[in-house]
Amino acid sequence: MVRVILLGAPGAGKGTQANAIEDKYGYKQISTGDLIRTEVSAKTEIGLKVKAIMEKGELVSNDIVIELLKNRLKQDDIVGGYIMDGFPRNRHQAEELSRMEADHEVVIYLEVNEDVVIQRLLSRLTCSVCGTIFNLLSDTPKQAGKCDECGGALIQRADDNEETIRNRIRVYKEQTQPVIDYYLEKGHEGSFHQIDASKSVDEIFVQIEGVLC
Ligand code: AMP
């Protein structure tokens, strides 16, 4: 079982690249943000508890996210491997993930500066049905407001507004950036790869292919 961990700020391209990795290598994309959004839309007990936290751009509690992740990992569509998109978000989660078995782990850090991510998130559109990500500046849908993949309606995520984006970046710097040091300290040098994520979607993917081949 291969585990690919994508690290990087909100807007670095983790979701888009995880999609592309899934298509080419068959590893399953697991986005903890998507798992939480599913709970919120279904108005489950967990969903009702975390909706406001998510909309402010704060982190949902470790216990909840870890439980959602463990449940997702029990499903049998994850055969050859999986891609972590949005997890771990702090040191505790990183330690917890290390306790979950994997034969081979590759950590890819998508490095990009703050101005680029703000622009990307403000112009991001997400398919409300299949989750495919578009961008009004660089990756426009063929038909306005409709997903190229499934025809679903494209929406702006509730947390993709400037105030929440700034908070998400602050939370990222305080809580998630230390995760990079965690992997470096853990002796992950051989499988820790820093990639320039300010480039185009295709150029970033070429760098990832170089790492995963
Ligand atoms: P994302 O889709 O990865 O940008 O995540 C959207 C939001 O979901 C975040 O701003 C958090 O509120 C929540 N979230 C996603 N993943 C995690 C995680 N690993 N730990 C805590 N909160 C998370």
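We count ligands from 1, going down the list as the structure has it; atoms in each ligand are counted the same way.
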In sequence, state the C-alpha distance, the side-chain angles, and the governing distance for Gln207 and Asp196, and then conclude on side-chain hydrogen bond (donor to acceptor under 3.5 Å, both in side chains). CA-CA 8 Å; Gln207 297 178 75; Asp196 177 1; 5.7 Å; no

What residue and atom, counting heavy atoms only, is the protein's closest point to atom 5 (O) of ligand 1, and at what distance? Arg89 NH2, 3.2 Å

Any N/O of Pro88 closer than 3.5 Å to an N/O of ligand 1? no

Please verify the inter-ring angle class for Tyr25 with Phe205; under 30° counts as parallel, over 60° as perpendicular, anything in between as tilted. perpendicular

Take atom CD in Gln75; do more than 12 heavy atoms of anything else shown fall under 6.0 Å from it? yes

Is any NZ, NE, NH1 or NH2 atom of the basic residue among Glu96 and Lys70 found under 4.0 Å from an Asp or Glu carboxylate oxygen of the other? yes

Against heavy atoms of Asp159, which atoms of ligand 1 measure under 4.0 Å? 6 (C)

Using a strict threshold of under 4.0 Å (side-chain N to carboxylate O), is an ion pair present between Arg168 and Asp160? yes

Tell me the protein heavy atom at minimum distance from atom 8 (O) of ligand 1, and give that distance in Å. Met54 CE, 3.3 Å

In ligand 1, the atoms that come under 4.0 Å of a heavy atom of Arg168 are 4 (O)

Would you mind checking if Arg72 and Asp34 are paired as a salt bridge, meaning a charged N to carboxylate O distance below 4.0 Å? no

Counting from 1, what ligand 1 atoms have a heavy atom of Glu58 closer than 4.0 Å? 11 (C), 12 (O)

Does Thr32, backbone or side chain, put an N or O under 3.5 Å from an N or O of ligand 1? yes

Does some side-chain heavy atom of Tyr183 sit less than 4.5 Å from a side-chain heavy atom of Leu7? yes

Going by an N to O cut-off under 4.0 Å, is there a salt bridge joining Arg170 and Glu174? yes

Short list, please: which atoms of ligand 1 are under 4.0 Å from a heavy atom of Ile36? 8 (O), 13 (C), 14 (N), 15 (C), 23 (C)

Where ligand 1 meets Gly33 - atom numbers and elements under 4.0 angstrom, heavy-atom basis: 2 (O), 5 (O), 15 (C), 16 (N)

Flag Arg157 as yes when one of its N or O atoms lies below 3.5 Å from any N or O atom of ligand 1, and as no otherwise. yes

Is the shortest side-chain N to carboxylate O distance from Lys14 to Asp85 below 4.0 Å? no

Here the atoms of ligand 1 under 4.0 Å from any heavy atom belonging to Gln93 are 18 (C), 19 (N), 20 (N), 21 (C)

Would you check whether Lys14 reaches within less than 4.0 Å of ligand 1, judged by its heavy atoms? no

Protein contact to atom 22 (N) of ligand 1 [nearest heavy atom, distance to 0.1 Å]: Val60 N, 3.1 Å

Is there a nitrogen or oxygen of Asp85 sitting under 3.5 Å from a nitrogen or oxygen of ligand 1? no

Under a heavy-atom criterion of less than 4.0 Å, does Arg37 contact ligand 1? yes

Cationic N near anionic O, under 4.0 Å, Glu55 to Arg157: no

